[in-house]
Amino acid sequence: MTVLVSETAKKQLKKLDKSIQKKIIEYLEELSGLEDPRTRGKGLSSNLAGLWRYRVGDYRLICEIKDEILTVEVVRIGHRREVYD
């Protein structure tokens, strides 16, 4: 499976502390090794319906799962108190 990171998410990742960046990158590498990305994370509802959330400490990865090409695209990365805005 492929994990893509949007340009917006890359910019958000670069603003984070180096230790948090490392944890998120390791998590994404782990995620790319899974056959079904839905075994982890949680589906979102309301205005973010159709997107998935993955937790890495106090940070959240908001992703779109594309089954037809087995891809997880990271849309947003941020602290849990502000990532859903």
Side-chain angles (χ1 to χ4, degrees):
M1 183 178 56
T2 308
V3 175
L4 301 174
V5 182
S6 71
E7 288 303 315
T8 305
K10 285 179 185 176
K11 288 178 186 176
Q12 292 168 342
L13 182 63
K14 285 182 182 178
K15 291 179 185 177
L16 300 177
D17 187 61
K18 294 284 184 203
S19 63
I20 300 297
Q21 287 180 21
K22 186 178 179 199
K23 285 181 184 179
I24 290 173
I25 291 168
E26 287 173 356
Y27 188 84
L28 291 174
E29 289 171 355
E30 205 176 292
L31 191 63
S32 68
L34 297 175
E35 283 187 34
D36 183 9
R38 289 180 177 86
T39 57
R40 300 237 179 115
K42 182 178 179 183
L44 296 175
S45 59
S46 186
N47 62 334
L48 296 176
L51 298 176
W52 279 72
R53 173 204 81 187
Y54 296 100
R55 287 178 31 185
V56 181
D58 283 342
Y59 290 82
R60 302 294 181 264
L61 311 178
I62 307 299
C63 303
E64 181 180 359
I65 298 174
K66 300 176 182 174
D67 289 316
E68 61 277 356
I69 50 175
L70 276 178
T71 302
V72 173
E73 182 176 358
V74 182
V75 180
R76 266 188 275 178
I77 298 173
H79 194 276
R80 62 190 177 106
R81 76 180 143 218
E82 56 201 31
V83 75
Y84 302 109
D85 296 338

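This chain uses plain numbering: 1 for the first residue, then up along the sequence. Bear in mind that the values here come from a model prediction, so they are computed numbers and not experimental data.
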With [X], which residues qualify under side-chain contact (heavy atoms from CB on, under 4.5 Å), at least two apart?
| X | value |
| --- | --- |
| Glu68 | Lys66 |
| Leu16 | Leu13, Ile20, Gln21, Ile24, Tyr59, Ile77 |
| Thr2 | Leu4, Thr71 |

Can you list every pair that meets salt bridge (charged side-chain N to carboxylate O under 4.0 Å, His left out) and has a residue in residues 10-19, with sequence neighbours left out? Glu7-Lys10

With salt bridge (charged side-chain N to carboxylate O under 4.0 Å, His left out) as the rule and sequence neighbours excluded, what pairs involving residues 47-63 come up? Asp58-Arg80

4.5 Å side-chain heavy-atom contact, [X] and [Y]:
| X | Y | answer |
| --- | --- | --- |
| Val74 | Ile62 | no |
| Ser6 | Glu73 | yes |
| Ile25 | Glu29 | yes |
| Leu48 | Arg76 | yes |

Find the distance between CG (Leu61) and CG (Leu31) and round it off to the nearest 0.5 Å. 8.5 Å

Going hydrophobic residue to hydrophobic residue with side-chain gaps under 4.5 angstrom, can you get from [X] over to [Y]?
| X | Y | value |
| --- | --- | --- |
| Trp52 | Val83 | no |
| Leu51 | Met1 | no |
| Leu34 | Val56 | yes |

Check: residues 36-45 side-chain donor-acceptor pairs under 3.5 Å, at least two apart:
| from | atom 1 | to | atom 2 | distance (Å) |
| --- | --- | --- | --- | --- |
| Asp36 | OD1 | Arg38 | N | 3.1 |
| Arg38 | NH1 | Asp67 | OD1 | 2.8 |
| Arg38 | NH1 | Asp67 | OD2 | 3.4 |
| Arg38 | NH2 | Asp67 | OD2 | 3.2 |
| Thr39 | OG1 | Asp36 | O | 2.9 |
| Arg40 | NH1 | Glu30 | OE2 | 2.7 |
| Arg40 | NH2 | Glu30 | OE2 | 3.1 |

Could you tell me whether Glu35 atom CD has more than 12 heavy atoms of other residues or ligands within 6.0 Å of it? no

